[in-house]
Amino acid sequence: MRTATLDPAQRAEALAEMAERELDVLVVGGGIVGAGTALDAATRGLSTGLVEARDWASGTSSRSSKLIHGGLRYLEMLDFPLVREALKERGLLLERLAPHLVKPVPFLYPLQHRGWERLYAGAGVALYDAMSMARGHGRGLPTHRHLSRSRALRVAPCLRKDALVGALQYYDAEVDDARFVATLVRTAASYGAKVANRARVTGFLREGERVVGARVEDVEGGGEYEIRARQVVNATGVWTDDTQGLVGERGQFHVKASKGIHLVVPRDRIHSSTGLILRTEKSVLFVIPWGRHWIVGTTDTEWDLDKAHPAASSADIDYLLEHVNSVLAVPLTRDDVEGVYAGLRPLLAGESEATSKLSREHTVAHPVPGLVVVAGGKYTTYRVMAKDAVDAAVHGLDRRVADSVTEEIPLLGAEGYPAMWNARERIAERSGLHVARVEHLLNRYGSTADQLLDLIAADSTLGRPLRHADDYLRAEIVYAASHEGARHLDDVLTRRTRISIETFDRGTRSAREAAELMAPVLGWDEDQIAREVEHYEKRVEAERESQRQPDDLTADAARLGAPDIVPL
């Protein structure tokens with residue numbers, strides 16, 4: 001397997017090659033499911049294309065709770081098959097497919113009632129652990145433990161003493177969701193998939209009833225391509241119904257959007273060595289360790305406004321602060337909030353109007369010949385969704401196709417990662433970087449960190465931290481544009497890094513330096529650098545304004561005040 005480089009030349013070449021000859025499978029949508037589908041198809045030996053209207057993971061797949069988990073609360077709903085499936089996938093990701101990107105994380109569940117609650121919750125967590133180990137992919141995580149109140153307060157001194165009578169501690173896993181998707185796309189490209197972001201499907205090609213491809217607009221270059229494929233897979237998440245509308249046929253199911261928002265606060269604002277999981281009247285609330293920060297989320301409310309830029313309102317932020325402060329000894333305030341992000345869950349429309357009760361299962365359908373639709377599901381089980389989508393597409397091909405092998409395919413950077421981790425002190429000595437910097441690179445890039453170290457060896461200034469966002473090295477900004485398909489400043493500050501939610505200025509003070517680092521790779525002149533910075537600053541201000549609004553309608557209007565980036 002060659003290591004794919006997603007630079008501007010690769011993108012142009014991919015679009016041209018997709019238009020030259022008929023593909024076996026064209027995947028529409030560059031989120032977690034679309035990227036997983038492209039990898040599944042490519043590793044079965046199928047000629048595969050993947051197009052995304054904006055940036056990789058720019059929708060739901062960069063705005064999740066960053067958890068890879070079995071769904072402990074689904075046990076309470078007696079949805080054992082979903083939990084069992086998700087726990088298997090969690091284990092595969094931790095142990096085989098992406099150990100450099102998916103990491104164990106402990107959670108503390110405070111108990112508020114004596115006796116029955118410890119028995120009830122303890123039985124659920126014990127079953128969770130047992131189901132994980134029964135799948136053969138859970139032995140790498142510690143099992144749960146029961147804690148007294150005094151023991152729990154030693155682990156999490158941030159908790160109010162009257163907020164618990166004891167606690168349970170268990171393990172799940174976390175991931176940088178957008179980085180995972182970018183890595184998944186590069187892995188698919190390494191196995192031969194042709195991939196292009198900022199390539200929007202404007203319509204489908206038809207021969208009679210059959211879909212035989214798609215018309216694709218190059219949002220950057222302005223050209224249009226006709227890409228023919230024996231099977232097209234619609235993996236557009238919350239845009240599923242909109243994409244189906246381009247076919248001119250009614251879909252067999254509908255996807256409903258549920259908004260979830262998250263707050264990011266500095267690590268020193270919550271004194272704890274473990275994450276927290278709290279029950280609310282509607283769902284659960286997580287406090288998730290995130291480097292030098294905490295992520296607090298999430299909400300669960302209906303959303304029928306702009307899908308591209310869901311907005312967090314003042315009411316959303318107050319809701320999270322109120323619920324997390326109900327257990328904290330030192331309450332959080334608005335001034336503690338570094339970042340806010342809002343995302344949309346793609347839920348299959350079910351019998352209940354309450355979005356928290358809509359299905360998290362996924363569905364695959366063949367609404368018209370030549371078109372497969374996959375929707376619903378959850379981030380953790382993306383690989384299963386992708387397999388099912390390609391299985392459905394294979395039925396429309398007139399030849400025998402191998403079964404899915406993605407259970408055995410490590411993502412880019414996984415192979416060799418343990419050995420490099422063990423050698424991190426020698427790598428630090430050789431590169432001149434502090435060992436903490438080397439660990440940071442290994443946990444973001446795995447064994448492909450060598451490529452960043454080569455950039456630094458060629459230009460030592462790239463080994464310096466980015467000003468005003470010193471968790472990240474300057475080399476990472478260059479690499480995002482030269483290897484990871486970033487086309488604009490927003491792509492880098494929001495998804496290739498998390499500067500937009502990890503700094504109080506939301507990345508505005510780093511924007512100019514980052515744009516100047518990207519410019520040589522992407523061929524920007526001074527005017528384009530200025531446009532990129534101005535667009536980013538307007539986007540941040542629009543988001544801040546939306547978060548001051550009292551409700552969804554006014555927040556949405558404020559967020560739409562910042563236009564999308566002008567193409568190059």
Side-chain angles (χ1 to χ4, degrees), residues 31-33 57-77 79 82-83 86-87 89-90 93-94 98 101-109 128 141 170-181 237-238 257-265 267 270 272 274-280 282-291 293-301 303 310-312 316-317 319-321 323-324 327 332 337-347 355-356 358 360 362 376-382 385 494-495 498 500-502:
I32 185 66
V33 178
S58 57
T60 302
S61 297
S62 60
R63 304 163 188 237
S64 75
S65 295
K66 322 296 186 219
L67 291 177
I68 296 294
H69 63 127
L72 186 58
R73 72 188 180 102
Y74 298 116
L75 277 184
E76 196 169 28
M77 300 175 187
D79 197 344
L82 180 63
V83 176
L87 286 171
E89 295 304 311
R90 184 191 71 176
L93 290 165
L94 277 166
L101 299 175
V102 180
K103 302 294 181 182
V105 59
F107 284 100
L108 192 77
Y109 177 68
Y128 195 63
L141 290 178
Y170 74 99
Y171 277 77
D172 255 321
E174 68 178 356
V175 67
D176 183 329
D177 47 8
R179 168 145 302 283
F180 189 95
V181 173
V238 293
S258 164
K259 184 180 72 168
I261 83 141
H262 296 79
L263 310 179
V264 181
V265 301
R267 195 64 180 262
I270 300 176
S272 177
T274 179
L276 304 173
I277 176 172
L278 312 170
R279 185 182 290 276
T280 71
K282 295 179 181 177
S283 182
V284 293
L285 187 76
F286 286 102
V287 180
I288 305 161
W290 181 255
H293 317 269
W294 297 97
I295 293 175
V296 181
T298 180
T299 58
D300 194 347
T301 55
W303 180 265
D316 292 325
I317 295 170
Y319 173 88
L320 289 181
L321 289 175
H323 280 78
V324 75
V327 299
L332 297 175
V337 177
E338 291 174 290
V340 181
Y341 64 93
L344 301 177
R345 302 175 190 86
L347 304 181
T355 58
S356 62
L358 293 182
R360 295 313 303 270
H362 69 273
K378 54 205 288 279
Y379 196 107
T380 302
T381 55
Y382 82 89
M385 296 174 67
T494 307
R495 286 172 290 277
R498 293 302 189 163
S500 67
I501 58 172
E502 292 177 348

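The shown structure was predicted, so the numbers you read here are calculated from the model rather than taken from an experiment.
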Checklist entry - Could you give the distance from OH (Tyr379) to CG (Leu93), rounded to the nearest 0.5 Å? => result 9.0 Å
Checklist entry - Any side-chain heavy atom of Leu72 within less than 4.5 Å of one from Phe107? => result no
Next on the checklist: Side chains of Glu502 and Trp290, heavy atoms from C-beta outward: is any pair under 4.5 Å?
Outcome noted: yes
Checklist entry - Looking at residues at least two apart in the chain, or sitting in another chain, which of them share a salt bridge (charged side-chain N to carboxylate O under 4.0 Å, His left out) with Arg279? => result Glu76
Next on the checklist: I need the minimum non-hydrogen distance between Gly237 and Pro346, along with the two atoms involved.
Outcome noted: C-CB, 3.9 Å
Checklist entry - Lys259 side chain to Ala311 main-chain N or O, any donor-acceptor pair under 3.5 Å? => result yes
Next on the checklist: Counting C-beta onward and ignoring hydrogens, is there a side-chain heavy-atom pair between Trp303 and Val238 closer than 4.5 Å?
Outcome noted: no
Checklist entry - Got Arg90 and Leu141 here, is their nearest side-chain heavy-atom distance under 4.5 Å? => result yes
Checklist entry - Is there a side-chain contact between Ile261 and Thr301 (heavy atoms, below 4.5 Å)? => result no
Checklist entry - From Ile288 CD1 over to His293 NE2, what is the distance, rounded to the nearest 0.5 angstrom? => result 14.0 Å
Next on the checklist: If I compare all heavy atoms of Ser258 with all of Leu347, which pair ends up nearest, and what's the gap?
Outcome noted: CB-CD1, 3.7 Å
Item to check | 4.5 Å side-chain heavy-atom contact, Leu82 and Lys378 | outcome: yes
Checklist entry - Closest approach of Leu263 and Val340, non-hydrogen atoms and distance? => result CD2-CG2, 3.9 Å
Next on the checklist: Do Tyr128 and Leu87 make a side-chain contact, defined as non-hydrogen atoms from C-beta onward lying under 4.5 Å apart?
Outcome noted: yes
Item to check | Heavy-atom pair with the smallest gap, counting every atom of Ala173 and Val102 | outcome: CB-CG1, 3.8 Å
Item to check | Check: Trp294 side chain, Pro289 main-chain N or O, donor-acceptor pair, under 3.5 Å | outcome: no
Next on the checklist: Would you say that Val296 contacts His323 through its side chain, given a criterion of any heavy-atom pair below 4.5 Å between the two side chains?
Outcome noted: no
Checklist entry - So which of Thr380, Val83, Val105 actually passes side-chain contact (heavy atoms from CB on, under 4.5 Å) with His69? => result Thr380
Item to check | Ser61 (side chain) donor-acceptor with Ile32 (main chain) under 3.5 angstrom | outcome: yes
Next on the checklist: Quick one: does any side-chain atom of Thr494 pair with a main-chain N or O of Ser500 as donor and acceptor, under 3.5 Å?
Outcome noted: no
Checklist outcome for this item: Closest non-hydrogen contact found for Val324 with Leu332 is CG1-CD1, 3.9 Å
Next on the checklist: Determine whether a donor-acceptor pair (N or O, by modelled atom type, separation under 3.5 Å) exists between the side chain of Thr60 and the backbone of Gly343.
Outcome noted: no
Checklist entry - Got a sec, which residues hit side chain to side chain contact (heavy atoms under 4.5 Å, CB included) with Arg63, two or more places apart in sequence or on another chain? => result Pro310, Tyr341
Item to check | Donor-acceptor under 3.5 Å (Ser62 side chain, Ala57 main chain) | outcome: yes
Checklist entry - So does Asp177 pair up with Arg498, basic N to acidic O under 4.0 Å? => result yes
